[in-house]
Amino acid sequence: MEVRTRFAPSPTGFMHVGNLRTGLYAYLFAKQHGGTFILRIEDTDQGRYVEGATDAIFRTLKMAGIDYDEGPGKEKEGMIYVQSQRKALYKKYALELVEKGHAYYCFCQDRHVKDGGVGKYDKKCAHLSREEVQAHLDNGDPYVIRMRVPETDGVSEYDDMVYGHIAVAYKDMDDMIMLKSDGMPTYNFANVIDDHSMNITHILRGNEYLSSTPQYNLLYDFFGWQRPQYIHLAPIMRDHEHKLSKRYGDANFEDFVSKGYLPEAIVNYIALLGWSPKGNQEKLSMSDLIEQFSIDGLSQSPSIFDPVKMRWLNKEYITALSPEAFAEAARPFFAKSKAYGKYDEELIFKLLQPRLETLGDIPEMIDFVEEWDGYDLELFVHQKNKTDKDLAKTILTAALPVLENTPWDNDSILGALSELAPTLGVKKGAVLWCVRIAIAGRAVTPGGASEMAVLLGKETSLSRIKGSIVRL
RNA sequence: GGCCCCAUGGUCAAGUGGUUAAGACACCGCCCUUUCACGGCGGCCACCCGGGUUCGAAUCCCGGUGGGGUCACCA
């Protein structure tokens with residue numbers, strides 16, 4: 001049987017990586033089985049709809065490299081993939097269940113106000129007579145349609161592919177609302193109808209649905225439909241107590257991209273949160289993921305999102321880029337730097353590529369070429385090189401005339417400074433450290449002393465050394 | 001509170017009755033590099049607690065504890 005999975009986000013804002021991961025897994029599972037991956041937009045809550053959110057879903061999926069086979073813009077046989085446009089369908093099915101006695105009209109007006117209390121609906125309208133219902137309807141009273149959970153000692157159970165056997169007693173289930181008074185279906189109901197009508201075989205979703213799934217299964221049973229397989233996913237957490245949420249702005253996929261994370265790296269990283277491959281390889285391309293994804297590699301417990309590890313993976317991806325691809329990816333970020341357009345871009349990129357964790361680090365990494373005044377003189381104090389400010393002054397004073405007479409290329413500068421060291425009775429490292437600090441004014445630079453000197457040019461380098469001597 | 005789920009180092013995690021309890025990130029140290037980084041090598045660090053079952057338990061069972069989820073005309 002063909003495997004069909006779906007990703008069903010609701011357009012209520014940007015897409016955070018936890019959400020995206022659910023879509024990713026659904027995609028991987030379908031592709032791995034040569035199946036079909038479907039995108040469905042769940043916009044039944046008109047109140048929470050956010051303008052542009054649907055486009056954000058499309059953009060994010062595209063950047064992430066997740067192609068859907070069916071969905072908005074890729075309709076199959078007249079199927080509609082946007083819930084709000086399927087309204088009529090839900091009502092038809094809801095009434096069918098009313099007819100069968102598995103659902104009923106409810107005219108209670110006060111139940112939708114959350115009173116802080118907990119509990120189930122009291123079934124006040126569950127046993128209204130046909131006449132009473134008709135009277136309300138004739139009167140134009142607003143109503144909702146509720147499912148009728150059997151009032152017996154039964155249990156609804158199923159086997160989840162990651163959590164195993166789940167059972168919930170009827171008495172613990174609520175007569176949930178299927179159709180709201182505005183005529184829109186609730187998520188709970190629309191989901192079942194849609195998943196069935198789109199022939200979804202495997203449902204991947206967050207485990208917050210683990211305990212309500214028996215209720216959905218009841219619906220499948222009422223209709224006489226075959227139940228799908230369930231693959232519930234443990235959440236991605238911000239910390240031990242909090243799930244990743246839209247409020248945690250940093251978890252926004254597009255935000256990460258604009259901060260200089262490569263989409264492939266983000267996708268790779270989130271794939272590893274809650275799933276682990278059989279081997280020890282962690283850098284996995286989309287096709288690796290499709291090949292290696294497996295249900296038994298899914299975790300039942302939550303994972304905490306670790307930005308530090310994602311930075312590391314991002315670095316792996318940046319390093320692996322060809323110089324051309326790196327230049328293309330890096331240029332928009334370099335454009336924000338004060339150095340943009342003033343120095344040898346090719347040289348800068350060559351120095352930068354192996355040292356970056358995110359592209360967004362480019363400006364602060366390279367801005368020293370334009371920002372140098374007033375740096376902290378304590379930088380000259382270095383234990384390993386045994387340097388301090390006095391020694392720095394001595395070294396720089398000696399280095400200045402040497403450099404003035406040195407051809408301005410990497411090897412010459414390095415050679416000249418290396419030869420200078422023994423005449424001063426210090427190690428090469430000490431000379432190079434002091435020169436690098438003097439011309440860059442930073443502890444960390446995208447290259448050594450000679451490379452920075454070449455980048456800055458002879459004139460700037462020498463004037464910075466002079467300036468440093470004066471300050472020392 | 002009822003119901004459902006979860007529990008291996010700081011973090012991601014392997015592990016499905018017998019292992020010196022993998023690997024990765026982070027951290028620390030050493031080496032390499034005529035300089036910063038990169039890189040290489042090494043180190044530190046874990047089975048929530050208590051009872052069972054068993055010759056033997058991280059692994060199976062029960063009970064605690066802790067955490068998450070759910071109990072909406074939100075998804």
Side-chain angles (χ1 to χ4, degrees), chain A residues 8-10 12 42-45 47-48 106 108-109 111-114 117-120 142-146 160 163-164 166-169 171-174 176-182 184-188 190-191 205-214 232 234-235 237 239-243 269 272-283 296-297 299-313 315 319 351 353-356 385 411 413-415 417-419 421 427-437 440 442-453:
Chain A
S10 45
T12 57
E42 310 225 328
D43 58 347
T44 51
D45 184 1
R48 287 211 308 167
C106 172
C108 296
Q109 287 298 299
R111 290 291 308 185
H112 65 279
V113 182
K114 200 176 177 185
V118 294
K120 302 177 296 173
Y143 64 87
V144 299
I145 293 180
R146 289 180 181 275
D160 184 87
Y163 287 96
I166 306 290
V168 175
K171 67 174 169 57
D172 293 319
M173 293 159 72
D174 194 19
M176 69 175 195
I177 291 172
M178 306 188 312
L179 216 62
K180 305 185 239 183
S181 53
D182 64 357
M184 281 290 192
T186 57
Y187 161 86
N188 301 313
N191 231 260
R205 52 153 74 126
N207 74 1
E208 64 266 31
Y209 299 106
L210 200 58
S211 57
S212 44
T213 295
H232 283 103
M237 312 290 283
D239 54 49
H240 286 283
E241 281 83 37
H242 307 278
K243 268 215 266 192
Y269 178 66
L272 260 18
L273 278 181
W275 171 78
S276 65
K278 295 277 179 271
N280 275 334
Q281 189 191 345
E282 293 198 301
K283 183 163 180 275
D296 64 359
S299 173
Q300 297 173 300
S301 48
S303 326
I304 297 175
F305 184 86
D306 181 7
V308 176
K309 184 150 184 180
M310 187 164 80
R311 285 179 70 87
W312 165 77
L313 238 197
K315 185 190 179 69
T319 312
L351 292 170
Q353 188 176 358
R355 295 162 214 267
L356 287 171
N385 287 323
D411 290 347
I413 296 169
L414 208 45
L417 292 175
S418 299
E419 284 168 30
K427 291 195 295 184
K428 285 166 271 190
V431 175
L432 292 164
W433 176 268
C434 291
V435 170
R436 192 175 61 85
I437 296 299
R442 301 232 178 161
V444 177
T445 54
S450 56
E451 287 165 317
M452 293 305 96

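All of these numbers come straight from a predicted model, not from anything done at the bench. Sequence lines set the chain letters: A, B, ... in the order given, protein chains first and strands last, and positions in each chain run from 1. Worth knowing before you read on, the calculation uses all heavy atoms, side chains too, and leaves out hydrogens, waters and symmetry mates.
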Quiz prompt | A:Pro354 backbone acceptor or donor facing A:Thr319 side chain under 3.5 Å | solution = no
Practice problem: Report which part of the nucleic acid A:Ser181 touches: base, sugar-phosphate, or nothing (heavy-atom distance under 4.0 Å, all strands). | Solution: base
Quiz item: Reckon A:Gly274 touches a base, only the sugar-phosphate, or nothing at all at heavy-atom distances under 4.0 Å?
Solution: sugar-phosphate
Quiz item: Given B:rG10, is OP1 or OP2 found less than 4.0 Å from the side-chain N or O atoms of A:His240?
Solution: no
Self-check item: Test: A:Glu451 and A:Arg436 ion pair at under 4.0 Å
Solution: no
Quiz item: So which heavy atom on A:Met237 is nearest to which on A:Pro302, and how close?
Solution: CG-CB, 3.5 Å
Quiz item: Which part of the nucleic acid, if any, lies within contact of A:Asn188, taking any heavy atom under 4.0 Å across all strands shown: a base, the sugar-phosphate backbone alone, or nothing?
Solution: base
Quiz item: Of the candidate nucleotides B:rC5, B:rC36, B:rC71, which contains the atom at the shortest distance from the side chain of A:Arg436?
Solution: B:rC36
Quiz prompt | Of the listed nucleotides B:rA75, B:rA26, B:rC36, the one nearest the side chain of A:Glu42 | solution = B:rA75
Quiz item: Base, sugar-phosphate, or nothing: which does A:Ala443 touch, judged by heavy atoms less than 4.0 Å apart?
Solution: sugar-phosphate
Quiz item: Within the structure shown, what part of the strands sits under 4.0 Å from A:Tyr269 by heavy-atom distance: base, sugar-phosphate, or nothing?
Solution: nothing
Quiz item: Within less than 4.0 Å of OP1 or OP2 of B:rC5, is there a side-chain N or O belonging to A:Gln300?
Solution: no
Exercise. Write down the partner of B:rG1 under the Watson-Crick or G-U wobble criteria, each distance required to be under 3.5 Å.
Key: B:rC71
Quiz item: Which part of the nucleic acid, if any, lies within reach of A:Ser303 when heavy atoms closer than 4.0 Å are counted: base, sugar-phosphate only, or nothing?
Solution: sugar-phosphate
Practice problem: Tell me which nucleotide among B:rC3, B:rU70, B:rC12 gets nearest to the side chain of A:Val168. | Solution: B:rC3
Quiz item: With a 3.5 Å cut-off and just heavy-atom distances, do the side chain of A:Arg355 and the base of B:rC36 make a donor-acceptor pair?
Solution: yes
Quiz item: Side chains of A:Thr445 and A:Leu351: closer than 4.5 Å at any heavy-atom pair?
Solution: no
Quiz item: Does a salt bridge link A:Asp306 with A:Arg311, judged by any charged N lying under 4.0 Å from a carboxylate O?
Solution: no
Exercise. Tell me what A:Ala167 touches on the nucleic acid: a base, only sugar-phosphate, or nothing, going by heavy atoms under 4.0 Å.
Key: sugar-phosphate
Quiz item: Within the structure shown, what part of the strands sits under 4.0 Å from A:Val144 by heavy-atom distance: base, sugar-phosphate, or nothing?
Solution: base
Exercise. Give A:Ser276 one of three labels, base, sugar-phosphate or nothing, depending on what nucleic acid heavy atoms sit under 4.0 Å from its own.
Key: sugar-phosphate
Quiz item: Where is the tightest heavy-atom contact between A:Asp172 and A:Lys120, given as atom of each residue plus distance?
Solution: C-CD, 4.2 Å
Quiz prompt | Nucleotide paired to B:rC48 in any strand shown, Watson-Crick or G-U, under 3.5 Å | solution = B:rG64
Quiz item: If you look at every strand shown and take non-hydrogen atoms under 4.0 Å, does A:Glu282 touch a base, only sugar-phosphate, or nothing?
Solution: base
Quiz item: Can you find an N or O donor on one side and an acceptor on the other, under 3.5 Å apart, linking the side chain of A:Lys309 with the base of B:rA24?
Solution: yes
Self-check item: Pairing partner (Watson-Crick or G-U wobble, both distances under 3.5 angstrom) of B:rG42
Solution: B:rC28
Quiz item: Given that both distances must come in under 3.5 Å, which nucleotide forms a Watson-Crick or G-U wobble pair with B:rA22?
Solution: none
